[in-house]
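Per chain, numbering begins at 1; letters A, B, ... match sequence-line order.
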Amino acid sequence: MRHTILATALLGLAGAAQAAEGERVQITGEIIDTWCYYSGVMGPPESTTGTAHHTCALWCSAGGIPVGLLGDDGEVYMVLKIEGDDGSASGDTQLRLASHEITADGMLYRRDGLNYLVVEDVVADNGIVNQTHDDWGVIPGFAIPDPEG
Amino acid sequence: MRKLIALLALVATPVAAQDFSENSEARPWNLVAEVPARFEATVVDLLCELAGDCPANCGDGRRQLGLLRSADGVLVYPNKNSQPAFTGAAVELQPFCGQEVEVDGLMITDPELNVDNVYLVQTVRKVGDTEWTKANQWTKAWANSNPDAEGKGPWFRRDPRVNGFIEKDGYLGLGQEVDDAFIADWF
């Protein structure tokens with residue numbers, strides 16, 4: 001009995017150190033800038049999505065901040081690869097998709113409270129559809145330079 | 001048997017009880033959910049760690065990197081470096097790929113947003129080193145990669161890729177006509 005408990009405990013510890021198990025998923029949502037969404041540095045999370053935040057989303061993606069897929073289920077999925085492009089730090093594919101609503105098919109890995117997504121196929125790209133600028137203006141306010149200088 | 005159970009409890013307890021704010025000298029950003037956090041970790045390629053996709057040298061800077069915390073094996077995701085300039089952390093950690101480091105910064109933990117283990121790294125050093133490196137090299141790296149970027153102002157006003165998308169789709173991403181109407185009202 002004692003050996004059984006010890007073996008079970010050791011197996012459990014070993015399992016925790018192994019790579020997470022992936023599962024195939026298909027998720028529809030918006031490609032967002034995760035830092036602004038999570039940190040609140042720009043305001044409430046809903047102000048950091050869609051057209052209001054599009055320019056900032058471009059800045060952050062180009063700046064190497066991780067992008068996420070904000071799913072219709074309200075969960076954020078950290079995107080690590082899109083259709084073979086592993087440029088998750090300032091890569092071209094994720095930059096092109098900033099603020100777009102997409103349907104992604106791929107592998108989901110859950111680890112220590114975060115969701116990580118390897119997108120194997122962008123099944124649908126609906127472009128930018130989340131029009132938030134009527135509610136929020138632009139976030140941050142200086143995203144559009146003052147035409148008067 | 002009682003001793004064995006006590007031993008197992010001891011093994012499990014530190015994971016839940018760790019306080020990584022002790023000895024942290026991280027500068028506050030006054031974020032709603034920030035907690036100072038200083039800890040030792042191994043710098044890992046996230047795609048390699050999670051999916052077994054493992055190129056040399058953590059992908060040579062293309063990829064996001066993680067911090068596999070030594071004390072409890074938790075995978076921390078550094079989203080941000082220390083510059084208030086829309087800049088991430090991978091550039092700061094790439095020189096330490098595969099190495100054991102000590103980092104200091106701010107952890108974002110917000111149950112309302114269901115987020116934990118998202119990190120802003122402010123300083124990093126190899127375990128055993130005495131000197132810290134500030135995690136503020138991103139803009140310098142960008143300047144080195146974009147010596148011909150035109151215009152004045154910070155990098156994000158001059159980045160050729162960003163400006164290409166803004167020229168094509170506008171600041172709101174919906175085209176010039178929508179931009180023009182919005183700008184006339186906004187300013």
Side-chain angles (χ1 to χ4, degrees), chain A residues 1-2 5-6 9 13 16-17 19-20 22 33-35 37-41 45 51-52 54-56 58-60 62-66 74-76 78 80-81 86-92 95-96 98-99 107 109 111-114 116 118 127-128 131 133 137-138 143-148, chain B residues 1 4-5 8 11 29 31-34 46-47 49-53 55 59 61-65 73-77 79-81 85-91 108 110 113-118 120 138 142 155-157 159 161-162 165-166 169-174 178-179 182-183 186-187:
Chain A
M1 179 64 174
R2 184 179 298 178
I5 291 174
L6 183 58
L13 290 173
D33 147 29
T34 57
W35 175 253
Y37 186 85
Y38 278 141
S39 70
V41 69
T51 51
H54 175 62
T55 294
C56 187
L58 289 171
W59 292 345
C60 290
I65 288 175
E75 292 281 317
V76 174
M78 300 289 200
L80 295 179
K81 193 174 188 179
D86 68 354
S88 55
S90 190
D92 288 339
L95 183 62
R96 176 174 58 77
S99 314
M107 296 299 292
Y109 301 87
R111 177 82 176 261
D112 297 321
L114 293 175
Y116 296 90
V118 176
I128 299 174
Q131 299 195 21
H133 61 281
V138 285
I144 301 178
D146 187 341
E148 302 293 319
Chain B
M1 175 59 77
L4 178 61
I5 290 171
L8 291 173
V11 169
W29 276 39
L31 304 170
V32 174
E34 73 181 32
L46 284 168
L47 256 181
E49 176 70 18
L50 292 162
D53 177 355
R62 298 188 309 276
R63 295 179 166 196
Q64 295 292 345
L65 304 180
V74 164
L75 185 61
V76 172
Y77 196 169
N79 276 210
K80 188 72 190 76
N81 77 346
F86 312 100
T87 46
V91 163
I108 303 298
D110 189 343
L113 284 176
N114 194 26
V115 61
D116 198 3
N117 299 315
V118 163
L120 180 155
W138 194 96
W142 179 88
W155 77 269
F156 48 86
R157 295 283 190 211
D159 186 78
R161 289 192 304 160
V162 168
F165 281 107
I166 290 174
D169 301 323
Y171 290 100
L172 301 172
L174 299 175
V178 177
D179 259 24
F182 177 80
I183 288 169
W186 180 249
F187 290 100

Worksheet item: In terms of heavy-atom pairs under 4.5 Å with chain B, which of A/Gly127, A/Ser90, A/Ala98 leads?
Response: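 Among the listed options, the one with the most contacts to chain B is A/Ser90.
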
Contact part of [X] toward chain A, heavy-atom cut-off under 4.5 Å: side chain, backbone, both or neither?
| X | result |
| --- | --- |
| B/Asp53 | side chain |
| B/Asp159 | side chain |
| B/Trp155 | side chain |
| B/Val91 | neither |

Closest non-hydrogen atom pair between [X] and [Y], with its separation:
| X | Y | result |
| --- | --- | --- |
| B/Leu113 | A/Pro45 | CD2-CG, 3.7 Å |
| A/Cys60 | B/Phe86 | SG-CD2, 3.7 Å |
| B/Phe187 | A/Pro145 | CZ-O, 3.6 Å |
| B/Gly61 | A/Ala89 | O-CB, 4.1 Å |

Practice prompt. Go through the steps for B/Phe165 and A/Leu95 under the test side chain to side chain contact (heavy atoms under 4.5 Å, CB included), then give the verdict.
Written response: CA-CA 9 Å; B/Phe165 281 107; A/Leu95 183 62; 3.7 Å; yes

Let me know if [X] has heavy atoms under 4.5 Å from chain B in its side chain, its backbone, both or neither.
| X | answer |
| --- | --- |
| A/Glu148 | neither |
| A/Pro66 | both |
| A/Thr34 | both |
| A/Val118 | side chain |
| A/Leu114 | side chain |
| A/Tyr116 | side chain |
| A/Ala62 | both |
| A/Asp92 | both |

Give, for atom [atom1] of [X] and atom [atom2] of [Y], the distance between the pair rounded to the nearest 0.5 Å.
| X | Y | atom1 | atom2 | result |
| --- | --- | --- | --- | --- |
| A/His133 | B/Leu172 | NE2 | CG | 5.0 Å |
| A/Leu80 | B/Tyr77 | CG | OH | 5.5 Å |
| B/Leu47 | A/Asp86 | CG | CG | 6.5 Å |
| A/Thr55 | B/Asp169 | OG1 | CG | 10.0 Å |
| B/Leu50 | A/Lys81 | CG | NZ | 12.5 Å |
| A/Ile128 | B/Leu174 | CD1 | CG | 6.0 Å |

Worksheet entry | Parallel, tilted or perpendicular: rings of B/Trp29 and A/Trp35 (30°, 60°) |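 If you compare the ring of A/Trp35 with that of B/Trp29, the planes turn out perpendicular.
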
Item to complete: Please answer whether the main-chain N or O of A/Gly63 pairs with a side-chain N or O of B/Trp138 as donor and acceptor at a distance below 3.5 Å.
Response: yes

Discussion item. Has B/Asn117 got a side-chain atom pairing as donor or acceptor with A/Asp112's backbone, closer than 3.5 angstrom?
Written reply: yes

Does the side chain of [Y] come within less than 4.5 Å of [X]'s, by heavy atoms?
| X | Y | result |
| --- | --- | --- |
| A/Met78 | B/Gln64 | no |
| A/Ile144 | B/Phe182 | yes |
| B/Val115 | A/Val76 | no |

